[in-house]
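Below you'll find the structure, written out as structure tokens, and then a few comments.
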Amino acid sequence: GLRFRLHDGFCAWNDGAWEVATETGEVRRVEGAVDFALGPDTLASLVFGRFSASEAAAAGLLEGAGAEALARWDAALRLDHAPHEAEHTW
């Protein structure tokens, strides 16, 4: 699975260690070691394919990420086609 520590200053109940089962997509709280720590915005960008874990680490968005963990995350979340966001106005 993909293990991470989420730092969420807005929704404190999300803070903690989590694991995503790559086979089923099931998410559960865990104890112990994680692959890296990140915030909710970075997690959303990884899950939706905006950028890879390696790109996030290079940008300084992940805490404590090692090469092996980055490779696993990159492989698990790789998309056949990059996401497209049409230009929009907020």
Side-chain angles (χ1 to χ4, degrees):
L2 304 176
R3 295 172 66 102
F4 60 95
R5 179 165 310 284
L6 186 64
H7 298 301
D8 189 339
F10 186 71
C11 299
W13 56 86
N14 289 332
D15 275 349
W18 298 88
E19 180 176 43
V20 178
T22 53
E23 301 81 22
T24 64
E26 182 179 332
V27 180
R28 65 184 178 95
R29 281 193 180 272
V30 294
E31 299 291 328
V34 296
D35 297 323
F36 46 72
L38 71 169
D41 293 344
T42 302
L43 178 61
S45 292
L46 291 175
V47 170
F48 289 110
R50 177 69 180 99
F51 45 73
S52 70
S54 292
E55 291 168 330
L61 299 173
L62 305 177
E63 300 170 22
E68 182 181 319
L70 293 174
R72 281 190 299 103
W73 277 72
D74 288 350
L77 299 177
R78 184 168 290 122
L79 300 173
D80 291 335
H81 303 284
H84 174 75
E85 180 180 346
E87 188 175 331
H88 62 277
T89 307
W90 294 103

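- Here the closest non-hydrogen pair linking Leu70 and Ala53 is CD2-O, 3.5 Å.
- Heavy atoms only, all atoms of each residue included: Asp74 and Ser52 are closest at OD1-CB, 3.4 Å.
- Judged by distance alone, the side chain of Arg3 and the main-chain N or O of Glu31 form a donor-acceptor pair under 3.5 Å.
- Under the 3.5 Å distance criterion, the side-chain polar atoms of Asp35 are left unmatched by any main-chain donor or acceptor of Phe4.
- Follow the hydrophobic side-chain contacts under 4.5 Å out from Val27 and you reach Trp73 in the same cluster.
- Among all heavy-atom pairs drawn from Gly49 and Leu79, the shortest one is CA-CD1, 3.6 Å.
- Within the 3.5 Å criterion, the main-chain N or O of Gly1 finds a donor-acceptor partner in the side chain of Arg72.
- Interatomic distance, Arg29 CZ to Asp15 CG, rounded to the nearest 0.5 Å: 8.0 Å.
- Interatomic distance, CG of Leu46 versus CG of Leu62, reported as 6.5 Å (0.5 Å rounding).
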inquiry  = One pair to check against side chain to side chain contact (heavy atoms under 4.5 Å, CB included): Leu61 and Leu38. What are the steps and the verdict?
reply    = CA-CA 7 Å; Leu61 299 173; Leu38 71 169; over 6 Å; no
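- Side-chain contact between Thr42 and Phe51 is present, with at least one heavy-atom pair separated by less than 4.5 Å.
- The nearest pair of heavy atoms linking Leu6 to Pro40 is CD1-N, 3.6 Å.
- When hydrophobic clusters are built by joining Ile, Leu, Val, Met, Phe, Trp and Tyr residues whose side-chain heavy atoms come closer than 4.5 Å, directly or via intermediates, Val34 is not grouped with Val20.
- Under a hydrophobic-cluster definition in which Ile, Leu, Val, Met, Phe, Trp and Tyr are linked whenever side-chain heavy atoms come within less than 4.5 Å, directly or via other members, Phe36 and Val30 are assigned to different clusters.
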